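For reference, positions follow the sequence shown, starting with 1. The structure presented is a predicted model; accordingly, all values stated were derived computationally and were not measured.
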Amino acid sequence: GASTSDRSTHTIADDVDDMSAALDRLKGHHDLRGVPSGLIGHSVGGLTGVQLAARRSDVAFLVSMAGPGLSVGETFADRECDGLEKANTDPLAIERHRAFTLALYRNLHERNDAPIDSAEITALAERFGATQTAVVRNSADWIARFNEPWFRSLVRCEPAAILRRVTAPYLAINGSLDAQVRAATNLAGMKRVLESSGHTDFRIVDLAGLNHLFQNCTTGLPYEYPAIEETFAPRALQTIGEWLDTRFNVKASLEP
């Protein structure tokens, strides 16, 4: 509770540095000498772990929970179009929305730190014929988010390029009903990269019936989160534990 610095200028790079400092602290703990030290991250935290594992060779393992395998623009286009499809939106309108969303995030990526406003987003939506579905054009909250340094740094991240440099044992778990980071497309993106890079020790798991928070759910939509009593499905935790147990004999390493 005593963190300092200015959150308004915080970026993903700062998150990676924080995670690195935490790993150093863990490795320096007397009681944990000789115990394999790795990273587990949820959602964007999974991408943060990938960045640190690509940078440090002493990461013993990496677990991504509901992390993205696609770029931010692709992830948002994927989830928004899936929602439109479930709402029985016209297929042509869905494709127009996909093109608009990808163009919007490409614009945010290329403009560096220059702010974007409602008029620019509206013009872009009109260009792609997506004014009916592009709800962000009139959303002050979304426009403010688009202009945050942290969000801009996230937009500039390319998960595929970063994951290609990871050699640590890698586990990715996503819930099949995750409406925020869709499992099928993002896990497929990870698998393509890991196979093409020649990674020798990875596992990709699509956990049926779980949402972004790894709760058993009905729709997977965020409005359900607070209504579900379960905090974290035991089978998700078991998947991680069993995967680690096949690689590390932690009990033996903790013995005097």
Side-chain angles (χ1 to χ4, degrees), residues 5-23 38-57 59 61-82 98-116 121 124 136 142-168 170-174 178-197 199 202 204 212:
S5 191
D6 183 359
R7 287 292 300 179
S8 67
T9 62
H10 195 85
T11 67
I12 293 294
D14 295 312
D15 290 338
V16 177
D17 287 343
D18 284 349
M19 184 178 276
S20 185
L23 183 61
L39 311 170
I40 301 178
H42 176 261
S43 194
V44 176
L47 180 57
T48 305
V50 169
Q51 292 184 75
L52 185 56
R55 190 171 87 184
R56 291 183 58 157
S57 61
V59 173
F61 62 86
L62 176 60
V63 178
S64 169
M65 304 189 307
L70 305 175
S71 69
V72 174
E74 292 171 319
T75 298
F76 273 82
D78 178 52
R79 82 184 197 185
E80 290 173 18
C81 289
D82 178 64
R98 185 184 305 278
F100 156 73
T101 305
L102 292 173
L104 172 61
Y105 282 88
R106 187 163 55 248
N107 182 298
L108 293 173
H109 184 286
E110 294 172 351
R111 66 173 46 225
N112 294 320
D113 297 326
I116 194 169
I121 299 174
L124 197 62
V136 295
W142 270 108
I143 294 171
R145 183 178 300 181
F146 290 151
N147 290 322
E148 291 174 355
W150 183 87
F151 194 83
R152 286 294 180 87
S153 69
L154 178 61
V155 169
R156 289 192 286 268
C157 286
E158 296 293 342
I162 302 167
L163 183 56
R164 191 167 286 115
R165 304 199 307 271
V166 172
T167 58
Y170 181 77
L171 170 67
I173 62 172
N174 288 56
D178 189 336
Q180 294 184 253
V181 180
R182 294 215 310 137
T185 47
N186 283 278
L187 290 178
M190 294 178 194
K191 185 178 180 181
R192 283 195 300 272
V193 171
L194 293 165
E195 289 179 340
S196 65
S197 67
H199 198 294
F202 71 89
I204 305 293
H212 190 62

Chi angles and distances behind the side chain to side chain contact (heavy atoms under 4.5 Å, CB included) call for Trp150, Thr9: CA-CA 7 Å; Trp150 183 87; Thr9 62; over 6 Å; no
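- Put simply, the side chain of Met190 does not reach to within 4.5 Å of the side chain of Glu195, judged on heavy atoms.
- Using modelled atom types, no side-chain atom of Thr48 and backbone atom of Val16 make a donor-acceptor pair closer than 3.5 Å.
- Of all heavy-atom pairs spanning Val59 and Gly38, the tightest one is CG1-CA, 4.3 Å.
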Phe100 vs Val136, side chain to side chain contact (heavy atoms under 4.5 Å, CB included): CA-CA, chis, key distance, verdict: CA-CA 11 Å; Phe100 156 73; Val136 295; 4.1 Å; yes
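- Separating the CZ atom in Phe202 from the OG atom in Ser64 is a distance of 13.5 Å, to the nearest 0.5 Å.
- When the ring pair (Phe, Tyr, Trp, His ring centres under 6.0 Å) test is applied to Phe61, the partners found at least two apart in sequence or on another chain are Phe248.
- Residues His212 and His42 approach most closely at O-NE2, 2.8 Å, considering heavy atoms.
- Asp17 pairs by the side chain to side chain contact (heavy atoms under 4.5 Å, CB included) definition with Arg55, not counting sequence neighbours.
- A donor atom on one side chain and an acceptor atom on the other are found under 3.5 Å apart for Glu74 and Ser71.
- Put simply, OG1 on Thr75 and CG on Asn186 are 4.5 Å apart, with the number rounded to the nearest 0.5 Å.
- Counting only heavy atoms from C-beta outward, the side chains of Arg152 and Ile116 approach each other to under 4.5 Å.
- If you take CG on Leu108 and CG on Asn147, they are separated by 8.0 Å, rounding to the nearest 0.5 Å.
- For the atom pair CZ of Arg106 and CG of Leu124, the computed distance is 8.5 Å after rounding to the nearest 0.5 Å.
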Trace of the side chain to side chain contact (heavy atoms under 4.5 Å, CB included) decision for Ile173 with Leu187: CA-CA 8 Å; Ile173 62 172; Leu187 290 178; over 6 Å; no
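- Every residue two or more places apart in sequence or in another chain that forms a side-chain hydrogen bond (donor to acceptor under 3.5 Å, both in side chains) with Asp78 is listed here: Arg182, Thr185.
- Under the side-chain hydrogen bond (donor to acceptor under 3.5 Å, both in side chains) criterion, Arg145 pairs with no residue, sequence neighbours left out.
- If you take OG1 on Thr101 and CD on Glu80, they are separated by 4.5 Å, rounding to the nearest 0.5 Å.
- Taking the six-membered ring where the residue is Trp, Phe76 and Trp142 present perpendicular rings, their angle passing 60° and hence far from 30°.
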Under 3.5 Å, side-chain donor or acceptor atoms of residues 160-168 against the rest of the protein: list the pairs with distances, not counting sequence neighbours.
none

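- Between the side chains of Asp15 and His10, at least one donor N or O sits under 3.5 Å from an acceptor N or O.
- In this structure, the separation between OG on Ser43 and CG on Asn174 is 9.0 Å, given to the nearest 0.5 Å.
- Residues passing the side-chain hydrogen bond (donor to acceptor under 3.5 Å, both in side chains) test with Arg98: none are found, sequence neighbours excluded.
- Side chains of Phe146 and Ile121 form a contact here, defined as non-hydrogen atoms less than 4.5 Å apart.
- The closest side-chain heavy-atom distance from Cys157 to Ile12 is below 4.5 Å.
- Residues Leu47 and Leu154 are in side-chain contact: their nearest non-hydrogen atoms beyond the backbone lie under 4.5 Å apart.
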Ile40/Leu62 under side chain to side chain contact (heavy atoms under 4.5 Å, CB included): CA gap, chis, key distance, verdict: CA-CA 6 Å; Ile40 301 178; Leu62 176 60; over 6 Å; no
